[in-house]
Colleague: 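Before anything else, here's the structure in question.
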Amino acid sequence: MTLDVLAAGILSGGLYALIGLGISLVFGVLGLMNLAHGELVIAGAYLASLLVVDSGWDPLLALPLAMAGVALIAYPLQRYLLTPLLRGDKSAPLVGTFGLSLLAQALFQGVFGTHPKSLPASYADSGISVLGLRIQTIYLIAFALTTVLCAATHLVLTRTRAGSAVRAASADPATAAVLGINVSTVYAMTFAGAAALAAAGGVLTGVAQSFTPTSGLPLLLTGMAVMALAGIGSVGGVLLAGIALGVLQSASVQLFGGGMRDVVVYLAFFLVLAVRPQGLFRKAATG
Amino acid sequence: MNRLDAETTPHAGGGDADVSSPPGAEPRTAASSATLRGTSPGAPLQVRGLAKRFGGVTALDGVDLSVASGEAVAVIGPNGAGKSTLLKLISGVHRPTEGEVWLGKQRLDRMPVHRITRTGVALAHQVPRPFHGLTVRDNVRIGAMAGRPHLHSDGIDEILAQCRLDIKASRPADSLRVLDLKRLEVARALATRPRLLMFDEVAAGLVGRELDEAIDLIRQVHAQGITVLLVEHIERVVRELVDRVLVLNWGRPMAEGAPAEIAANEEVRAVYLGDGDETRTPAARRAATPTASDAAVVLALESVSAGYGDMLALRDFSVRVQAGQIVTVLGANGAGKSTLCATIMGAVEARSGSVHALGQDITGMATHHRARLGIAHCQEGRRIFTGLTVAENLMLGAPLALARDEVRGRMERVHAIFPVLAERADQPAGTMSGGQQQMLAVGRALMADPQVLICDEISLGLAPVAIDALYRALAEINSQGVAIVLVEQNVKRALGIADHAVVLSRGRVSYSGSPEALLSDQALDAAYFGTADAASAAGSSPPPVPSAPHPLSASEGDLS
Ligand SMILES: Nc1ncnc2c1ncn2[C@@H]1O[C@H](COP(=O)(O)OP(=O)(O)OP(=O)(O)O)[C@@H](O)[C@H]1O
Ligand SMILES: [Mg+2]
């Protein structure tokens with residue numbers, strides 16, 4: 001494996017981590033497998049496209065607005081639709097998110113059409129040389145941003161009182177309520193936070209590649225693979241898992257050609273589930 | 001924290017004693033009953049220079065102990081003294097930093113955990129850890145699985161009956177309440193057919209007949225010739241079951257001797273037993289409560305009924321609590337006390353009647369709103385967040401919006417009551433000792449700075465000195481006008497501090513009135529069990545036990 005391949009793998013792994021982080025956060029705190037996560041990612045890309053394609057903004061400027069926009073949509077969805085479902089039947093919330101995913105795809109199609117879109121930027125196709133390695137600029141940016149967002153998420157969860165409220169609500173919602181914590185709000189905030197992370201991933205993806213209303217599914221699967229690798233409950237683990245997946249993928253493309261790219265991802269996913277269901281990077285002590 | 005430990009994947013070994021010999025016989029020395037069965041089921045235990053350090057915390061340091069085959073020995077000491085650590089080192093849950101453990105001729109401290117269990121060592125844990133998702137019966141069956149010879153299904157039934165779990169055998173273990181979880185720990189340990197059986201505070205929280213039953217159970221185990229090592233804060237259990245006591249303090253042995261000697265030891269009194277008698281006398285309660293008007297009523301329940309499924313755990317309950325008043329709610333386990341607390345907090349819905357608090361009708365209010373209104377609830381069974389640190393747990397007790405300075409101030413007040421919570425601020429709460437976790441649960445409730453404080457068995461698992469500190473704190477908080485609803489098994493303590501007492505019996509009020517009138521054993525017994533015929537023996541603090549047709553513990557589920 002050449003260093004080029006390794007570097008490309010690591011950098012694209014950053015994006016995977018960002019997408020996996022949201023899924024893992026929602027699953028870890030709410031116990032909900034959000035099948036509409038891929039659509040939240042794509043929603044971020046489409047929202048940004050309104051500013052970038054139509055008004056000529058730079059995608060990086062549109063990024064915070066896309067994050068806020070998707071979070072604002074996600075909050076009431078969780079608070080008034082998914083949280084009530086969580087109280088009922090176990091499969092109801094899962095089916096609910098699947099329904100949301102289909103609905104979102106239909107909406108994207110109706111509003112934006114089925115033509116592939118992308119977010120034009122000067123750094124979309126440019127490359128730079130670092131230590132003699134050719135690197136696509138957008139992946140470098142994406143990687144840096146992911147690291148920042150992962151670090152921020154980690155700090156919020158472990159260093160703030162709101163963060164410990166989230167962890168408390170995740171560990172024992174009944175006791176959290178006795179302590180005056182509004183668990184429904186915590187859930188909705190967590191979901192909104194995860195949606196914002198997804199949207200950030202969406203904008204970066206949109207710069208790197210083109211997207212269509214149905215691009216969400218492979219992103220969801222990638223995110224799930226990251227979560228399976230990482231295990232629940234560690235932000236650092238998600239970052240490592242994303243990178244591992246990126247390297248694996250870029251190595252397999254190098255070895256077997258582009259057709260095997262996704263096969264390798266899913267194989268890794270199943271292997272990890274079979275061998276280490278608690279995830280590769282999970283500390284034994286957590287939980 | 002679902003690690004698989006020795007006790008949870010046990011392999012039995014040891015003698016062929018029938019674990020479920022009939023009750024009644026109570027020889028103190030096991031020799032007779034053991035030899036009757038041929039081989040000696042027990043095994044001698046030798047502990048030499050045992051030490052354990054967790055990072056910077058020295059939990060145990062230089063402990064020697066030898067227990068003869070078939071002997072029963074108790075280990076006592078303040079919270080965090082290292083008692084549970086000692087038992088866990090023997091059973092292989094933790095590995096010693098220094099020292100050796102021998103069972104008969106076998107050295108345990110280097111054996112893999114499953115082999116230690118197979119050698120015949122079992123531990124009933126202080127903090128129960130059942131297999132989640134399995135029924136009670138399957139939990140016990142796993143204990144019996146590798147027994148040689150296998151404990152057959154009749155044997156399992158007998159153990160279940162012995163531990164009063166027979167009627168709950170097919171329930172999922174997760175649905176059990178604290179008390180039954182402890183019983184399950186004992187049942188699972190018994191099923192491994194041990195030669196050395198260690199009990200870590202299995203009698204905590206028991207009262208009256210239940211306590212007698214627990215003592216009887218341990219006595220039966222001992223009578224079979226099994227070596228017994230016991231950790232317990234309830235003095236009566238120690239006094240009645242063992243001939244020798246080892247006292248630990250800060251991880252080091254402090255005294256060793258007969259129970260009576262230990263009780264008279266000045267040093268032990270100072271660090272462990274305390275001078276609880278003084279605070280325990282009811283006279284200590286000043287008549288501070290103004291016989292106030294209705295305006296001062298901060299909590300009022302009007303004919304409240306509540307339950308689970310088709311069973312009512314609390315029927316037609318009414319009470320009024322004024323600011324600055326302490327109302328104690330007593331009753332056997334399963335009487336409906338915790339249901340009452342949960343109904344006040346909204347965790348259990350009131351089926352009928354109304355709940356008013358602090359000037360509002362809160363009958364249908366969400367739990368977190370009630371908490372924000374100024375009601376704090378220290379729940380039964382601690383319910384601390386084991387994965388969070390001690391400081392994080394405490395901070396969660398205060399409202400999120402509260403300014404940092406105020407949070408810090410409240411924390412300092414809690415630290416003054418329980419200094420260990422300051423020392424261990426950054427330790428994960430789940431690694432604290434049982435008593436330390438209880439202190440944390442109380443401290444977290446106090447962080448809310450409530451106007452109404454609901455305490456559900458908060459002295460459970462605390463050393464006598466720590467209970468002294470806790471009750472002093474309650475009295476002080478109360479003197480500032482906080483109303484307290486005090487659910488207790490420690491009857492004397494509760495009656496000593498309360499203004500008003502209520503006794504529940506199977507969900508109904510069987511007594512409501514002055515605490516003084518309950519101080520006689522007859523009165524208390526009549527209120528607890530609905531009989532007045534038990535004036536006889538057992539003059540100690542828990543009420544004597546009448547022979548009612550049904551054991552209360554097995555009454556209507558485990559809804560204490
Ligand atoms: N895994 C761990 N990590 C750090 N400290 C620990 C760990 N386990 C125990 N300790 C500490 O070791 C000390 C002894 O704990 P232990 O559980 O043996 O106390 P104990 O005598 O059983 O007390 P209690 O009466 O409260 O049950 C305590 O200070 C406890 O906080
Ligand atoms: Mg202990």
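So you know, we letter chains A, B, ... as the sequences are listed, proteins then strands, and number each from 1.
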Colleague: Between A:Val178, A:Thr158, A:Val183, which shows the greatest number of heavy-atom pairs under 4.5 Å with chain B?
Modeller: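 Between A:Val178, A:Thr158, A:Val183, the count favours A:Val178.
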Colleague: Can you tell which of B:Asn393, B:Leu400, B:Val407 has the highest number of heavy-atom pairs within less than 4.5 Å of chain A?
Modeller: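 Winner by heavy-atom pair count: B:Leu400.
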Colleague: Name the region of B:Arg404, side chain, backbone, both or neither, that has any atom closer than 4.5 Å to a heavy atom of chain A.
Modeller: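 Both parts, backbone and side chain.
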Colleague: Just checking B:Met411: does its CE atom have more than 12 heavy atoms from other residues, nucleotides or ligands closer to it than 6.0 angstrom?
Modeller: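 It does: B:Met411 CE has more than 12 such atoms within range.
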Colleague: Is the backbone N or O of B:Leu402 less than 3.5 Å from a side-chain atom of A:Arg161, with the two atoms forming a donor-acceptor pair by type?
Modeller: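 Present.
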Colleague: Take a 6.0 Å sphere around CZ of A:Phe98 and say whether it holds more than 12 heavy atoms from other residues, nucleotides or ligands.
Modeller: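 No.
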Colleague: Which atoms form the tightest heavy-atom contact between B:Arg372 and A:Asn182, and what is the distance?
Modeller: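 Minimum heavy-atom separation between B:Arg372 and A:Asn182: NH2-N, 3.5 Å.
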Colleague: What I'd like to find out is whether the side chain of A:Leu179 reaches to under 4.5 Å of the side chain of B:Met447, using heavy atoms alone.
Modeller: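 Counting from C-beta outward, A:Leu179 and B:Met447 never come under 4.5 Å.
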Colleague: Going by heavy atoms in the side chains, are A:Thr185 and B:His368 under 4.5 Å from each other?
Modeller: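 No, every pair of side-chain atoms sits at 4.5 Å or beyond.
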Colleague: Of all the heavy-atom pairs spanning A:Ala176 and B:Phe385, show the shortest one and how long it is.
Modeller: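 Scanning both residues, the minimum pair turns out to be N-CZ, 4.0 Å.
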Colleague: Please state whether the side chain, the backbone, both or neither of B:Ile454 comes within less than 4.5 Å of a heavy atom of chain A.
Modeller: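 Nothing of B:Ile454, per the 4.5 Å heavy-atom cut-off to chain A.
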Colleague: Using a cut-off of 6.0 Å, state whether more than 12 heavy atoms not belonging to B:Glu349 lie near its atom CD.
Modeller: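 Counting other residues, nucleotides and ligands, CD of B:Glu349 stays at 12 neighbours or fewer.
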